[in-house]
Trainee: 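I'd like to ask some things about the structure below.
Below, chain A is the first sequence line, B the second, and so on; all start at residue 1. As a basis for the values below, the full set of heavy atoms in this structure was taken, side chains included, without hydrogen atoms, waters or symmetry mates.
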Protein chains: 2
Amino acid sequence: MATRIQQKNTAAILEAALDVFSTHGFRGATVDQIARAAGLSKPNLLYYFPSKEAIHTALLDGLLEAWLDPLRALDEAGEPLDEVLGYVRRKLEMSRDFPRESRLFANEIIQGAPRIGPYLSGELKDLVDEKSRVIRHWIGDGKIAPVDPYHLFFSIWALTQHYADFDVQVHAVLGSKDIDPYPDAQAHLEAIFTRMLRP
Amino acid sequence: MATRIQQKNTAAILEAALDVFSTHGFRGATVDQIARAAGLSKPNLLYYFPSKEAIHTALLDGLLEAWLDPLRALDEAGEPLDEVLGYVRRKLEMSRDFPRESRLFANEIIQGAPRIGPYLSGELKDLVDEKSRVIRHWIGDGKIAPVDPYHLFFSIWALTQHYADFDVQVHAVLGSKDIDPYPDAQAHLEAIFTRMLRP
DNA sequence: GCCTGTTTTGACCAACAGGTCAAAACCGAC
DNA sequence: GTCGGTTTTGACCTGTTGGTCAAAACAGGC
C-alpha cells in the first residue's frame, strides 16, 4: 500500500524523531528539529504524520511492542540461574544496541508516565506478576536463593538500563571516551546475580 | 542582606521549580508554571531570578553540592562491608527523601549532561577514583570479594536511584499505590551487596 | 502621616512553536 | 509527452514562551 518514498520518509522521520525525543524529551523536541534531522521540511514531515504527538506515539508503540520480549523469553522449564542470567544478558544487550529507545522509555517514566501509565499497570504488571510466580516456584524448590521477585526484576532493570540511560556519566567517570564499558558490565552483572541467586 | 520577603519568595520559587523541572525537564517547564506554583506572577518571579536558566542553575548547584556527601562519608578506616552497606543505605534514603532532586539529576544526565558535563568528569570522577582505590585496597587485603570498583559504584547508583527515578513504574508493578517499597528495597539491596562482597 | 526603597503588577514585545493551505513540483504508468 | 496522483514547498496563522518596562502598590523606619 505504501510507496517507496513513503517507506523511506516515514522511516527517516522515526529514526530522526528517536534521536531527538530520546535526548530532549517530548516537550523539549521541536517538529522543525526532527524534520531537519530527517532531511525534510516541516510541512513535508507533517504530510506523513498528522502531529508531533503522532510521531511520538508511533515511536512508543513500536518500542513497547519489543520492550517485554526479553522477559517473555524467561522460561520456567529452563535452568533457573541460567534463565535469569540470560534475561540479564538480553536486557544489557538491549541497552547496548538500543540506548535511544531506553532513554525514550526513561524520559517517559521519569515524567510520570503520562502516556504509558496504562501499559505499566497493564501488560507490564501482568507479565511481571506471571514471571514472579515462576521465580517463587524456583525458590520454593530450592533452585535459587530466596529473594523478592519484584525487587529482583527492579534490580535487573535498574542495573542494565543504567548503562544506556546514564551512559554519559558512565563514560565521564571511566575517563576514556573510547572504552566500551559493556564487556566489564556484562561480567560484573553476571557475578552479581550468580552470587545473589546461588542457593 | 536579604529581606524576609526575599527569603520566603526565593525559597518558594526554588521549591516550585524543583517540582516542575524534575517532572518536565528544563525545556518542558515554563516560567509561568513555576511562578504559579510558587504563588507569584511571572514578572514577579523574574524579579527574583533573572531568567529561567538561572533558576535551573541555582537548583542544580544546590543539588550537586550535596550529591556526593554519601560517597564522601565512605571511610577507609571502617569495616569494609559495613561501609559499603552504609553508603547504599544513605543513597537509598536520598532516593526516598529527595526523589525530585534525583529526577532532576536523571533528566540532566539522560539529556547528555549539557550543563553538568564538567562536574561529572571533574569532581565526581575525582571522588570516584579516590574511593575506587579504597575499594581496591580492601580487595587486596582480602576484606571483600574482588569486584570492579567502578562498576560497583555504578551498581549502587543504579539500584538506589531507580526507586526515585522510576518510582511510577515501581508502584505500577507492585500494584497498590499505598505500599511503601522502601523497606523491602532496603532489605533487598542489603542482601545483594552482602552476597556480592562477602569474600 | 511621610518618605525611600522594595515588591508587585499589567501591558507589552519578539521569537518560536505546532499546524494549515493552496499551489507548485514531481513521479511513474500509459 | 501527458495525465493522475503523490510529494514538496513557501507563506501564513494562532497560541505560547521567555523576558522587559514603567508605573503602581506596599513595606517599614522616622
Trainee: Distance check needed: D/dT9 P versus A/Ile5 CD1, whole Å only.
Mentor: 12 Å
Trainee: Just the rounded figure in Å: distance from C1' of C/dA17 to CG of B/Asp32.
Mentor: 16 Å
Trainee: Indicate whether OP1 or OP2 belonging to D/dT8 is found under 4.0 Å from a side-chain N or O atom of A/Ser41.
Mentor: no
Trainee: Rounded off to whole Å, could you give me the CZ-to-C1' distance for the A/Phe49 and C/dG19 pair?
Mentor: 16 Å
Trainee: Between B/Asn9 and C/dT8, does any side-chain N or O lie under 4.0 Å from OP1 or OP2?
Mentor: yes
Trainee: On DNA chain D, nearest-nucleotide positions of A/Tyr47 versus A/Pro43: which is more 5'?
Mentor: A/Tyr47
Trainee: For B/Ala35, which contact category applies under a 4.0 Å heavy-atom criterion: base, sugar-phosphate, or nothing?
Mentor: nothing
Trainee: What's A/Arg4 touching, base or sugar-phosphate or nothing? Going by heavy atoms closer than 4.0 Å.
Mentor: nothing
Trainee: Specify the separation, in whole Å, of atom CD1 of A/Ile13 and atom P of D/dT7.
Mentor: 11 Å
Trainee: Quick one: is A/Arg27 getting a side-chain N or O under 4.0 Å of the D/dT17 phosphate, OP1 or OP2?
Mentor: yes
Trainee: Taking all non-hydrogen atoms of both residues, which atom of B/Arg90 and which atom of B/Pro70 are closest, and how far apart?
Mentor: NH2-O, 3.0 Å
Trainee: Would a distance-only check, ignoring hydrogens and angles, find a side-chain to backbone donor-acceptor pair under 3.5 Å from A/Asp180 to A/Tyr182?
Mentor: yes
Trainee: Measure from NZ or CZ of A/Lys91 to the centre of the six-membered ring of A/Trp67 and say whether it is under 6.0 Å with the direction within 45° of the ring axis.
Mentor: yes
Trainee: Determine: side-chain N/O of A/Asn44 to OP1/OP2 of D/dT7, distance under 4.0 Å, yes or no.
Mentor: no
Trainee: Could you tell me how far apart B/Arg36 (CZ) and C/dT8 (C1') are, to the nearest whole angstrom?
Mentor: 17 Å
Trainee: CZ of B/Phe98: more than 12 outside heavy atoms within 6.0 angstrom?
Mentor: no
Trainee: Between D/dG19, C/dT20, C/dA17, spot the one nearest the side chain of A/Leu46, thanks.
Mentor: C/dT20
Trainee: Which is more 5' along DNA chain C, the nucleotide nearest B/Gly39 or the one nearest B/Lys42? Just name the residue.
Mentor: B/Gly39
Trainee: Any base atoms under 4.0 Å from A/Tyr48, or only sugar-phosphate, or nothing? Heavy atoms, all strands.
Mentor: sugar-phosphate
Trainee: Less than 3.5 Å between a donor and an acceptor, one on the side chain of A/Lys52 and one on the base of C/dG19, is that the case here?
Mentor: no
Trainee: On the nucleotide D/dT6, are OP1 or OP2 found under 4.0 Å from the side-chain N or O atoms that A/Gln6 carries?
Mentor: no
Trainee: Is there a side chain to side chain contact (heavy atoms under 4.5 Å, CB included) between B/Phe154 and A/Gln169 once you walk through the steps?
Mentor: CA-CA 9 Å; B/Phe154 296 157; A/Gln169 185 179 231; 5.7 Å; no
